[in-house]
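All values reported here derive from a predicted model rather than from experimental measurement. Just so you know, ligand 1 is whichever comes first in the structure, and atom 1 is the first atom listed for that ligand. Side chains included, hydrogens not; waters and symmetry mates left out as well; all remaining heavy atoms used.
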Amino acid sequence: MQLKALLFDVDGTLADTEDAHRIAFNTAFAEFGHDWHWDRDLYTRLLAVTGGQARIRFFLEGAGMEMLDNETVADMHKCKTKHYVAALQEGRVPLRPGVEELISDAREEGLILAIATTTTPVNVQTLLENTLGAESLDWFKVIGAGDCVDNLKPAPDVYLWVLDRLQLAAGECLALEDSANGLKAATAANVQTVVTSCPYTAHHDFAGALAVFDKFDGKVNVDSLKKLHNTL
Ligand SMILES: [Mg+2]
C-alpha cells in the first residue's frame, strides 16, 4: 500500500513540550496555594498518565493526599493551560530540530498531514501558530485532539477518529510518536509507528514500533519514512 499520510503526535513529538507543561503545572499549583513541586523525575513518572486532569489525580493518589473534587481539578487544569499557552505565545517552546523540514518536504511531496493527539485543542493550535505560523493550521487536513474522543491515549480512539475523517486505511498512514502510550494508541488502530523518543520517554518500551530514533534531524525525513513504509 502506498504511503499517503503522516499522522503526528504533538507533545514530545513535534516539540519538546513536556518541560513547559511541567512548569505550567507548578505555576498553577502555586496559584491555588499549594507548595507541590513536580520535578523532572516525578514528572517522568506522572507522564504514564495522559490528560492533565487525570495526571493531577494520579499525583494526589500516589502522594497519599486528599483527593480534590472534579471542579477544583478542572479549574486547576484550566489555570495550567493558561500558563502553558502563555509559554507557547512567548515562543519558549520551539519545534524539535528537523520537524519543520519534514513537514515542508512532506507537503511538497503531496503527503497528507494530520494531527492525532489527546492534548487540549488550544495547546495544539497555539503551538502551530507560534512555530510554523497561523497558516500552518490549514496544512493539516484533520486535527484530532483531546476534545474529539472520550478515551485518551493509549486508547486508539483519536487515531480511529482521524482515519475516519481522512477516509484512509491505517496501512496508508504512518504515525509519528515519542512515547509508549502514543505507540500503543497508534498500533491499536493498526497504524504503523515511527518513534522519535525525547528525554522524558527515552526509557520507554517501544516494542512494536516500525523504527525508533532519538531525533528527527538527519534521521527521519520523507525518504526514510517512505522506505520504512515500503518494508511493510
Ligand atoms: Mg507524545
Side-chain angles (χ1 to χ4, degrees), residues 6-25 38 40 42-55 58 77 80-81 84-85 87-88 93-100 102-103 113-128 131-132 140 142-149 151-162 173-189 191-217 219-220 225:
L6 301 179
L7 317 183
F8 288 89
D9 169 51
V10 173
D11 289 320
T13 301
L14 290 183
D16 281 322
T17 54
E18 303 302 8
D19 254 337
H21 279 294
R22 183 180 65 81
I23 291 163
F25 274 113
W38 290 2
R40 286 184 180 186
L42 174 58
Y43 197 59
T44 301
R45 295 196 296 279
L46 295 174
L47 280 172
V49 171
T50 55
Q53 294 186 47
R55 195 167 296 149
F58 182 62
H77 184 248
K80 176 261 166 181
T81 298
Y84 177 70
V85 164
L88 294 176
V93 188
L95 295 181
R96 289 178 71 175
V99 165
E100 187 166 358
L102 172 60
I103 287 174
L113 304 178
I115 298 275
T117 177
T118 47
T119 196
T120 308
V122 66
N123 294 351
V124 184
Q125 190 185 335
T126 313
L127 176 72
L128 293 176
T131 52
L132 295 169
F140 296 88
V142 170
I143 296 183
D147 60 332
C148 301
V149 291
N151 302 306
L152 307 187
K153 296 177 185 179
D157 300 31
V158 75
Y159 276 100
L160 296 172
W161 190 91
V162 167
C173 306
L174 280 183
L176 291 113
E177 284 280 358
D178 71 298
S179 71
N181 275 336
L183 170 64
K184 275 185 206 157
T187 50
V191 182
Q192 292 290 331
T193 305
V194 173
V195 170
T196 47
S197 66
C198 71
Y200 277 106
T201 62
H203 63 290
H204 285 191
D205 177 4
F206 294 123
L210 187 56
V212 181
F213 301 100
D214 59 358
K215 58 179 183 176
F216 283 89
D217 216 9
K219 293 187 178 178
V220 183
L225 291 176

TODO: Looking at Asp9, pick out the N, O or S atom nearest to the Mg ion (ligand 1) and give its name.
DONE: OD2
Open item on the list: What is the name of the N/O/S atom of Asp11 that is nearest to the Mg ion (ligand 1)?
Closed with: O
Task: With sequence neighbours excluded, residues passing ring pair (Phe, Tyr, Trp, His ring centres under 6.0 Å) with Trp38 - done: Phe25, Phe29, Tyr43, Phe59
Open item on the list: Any carboxylate oxygen within less than 4.0 angstrom of a Lys/Arg side-chain nitrogen, looking at Arg40 and Asp19?
Closed with: yes
TODO: List the atom of Asp9, the atom of Leu14, and the distance in Å for their closest heavy-atom pair.
DONE: O-CG, 3.4 Å
Side-chain polar contacts of residues 175-185 - donor-acceptor pairs under 3.5 angstrom, sequence neighbours left out - could you list them?
unit_1: Glu177; atom_1: OE2; unit_2: Lys153; atom_2: NZ; d: 2.7
unit_1: Glu177; atom_1: OE2; unit_2: Tyr159; atom_2: OH; d: 2.6
unit_1: Asp178; atom_1: OD1; unit_2: Thr13; atom_2: OG1; d: 3.1
unit_1: Ser179; atom_1: OG; unit_2: Gly182; atom_2: N; d: 3.0
unit_1: Asn181; atom_1: ND2; unit_2: Ala48; atom_2: O; d: 2.9

Task: Atom of Asp178 nearest the Mg ion (ligand 1) (restricted to N/O/S, atom name only) - done: OD1
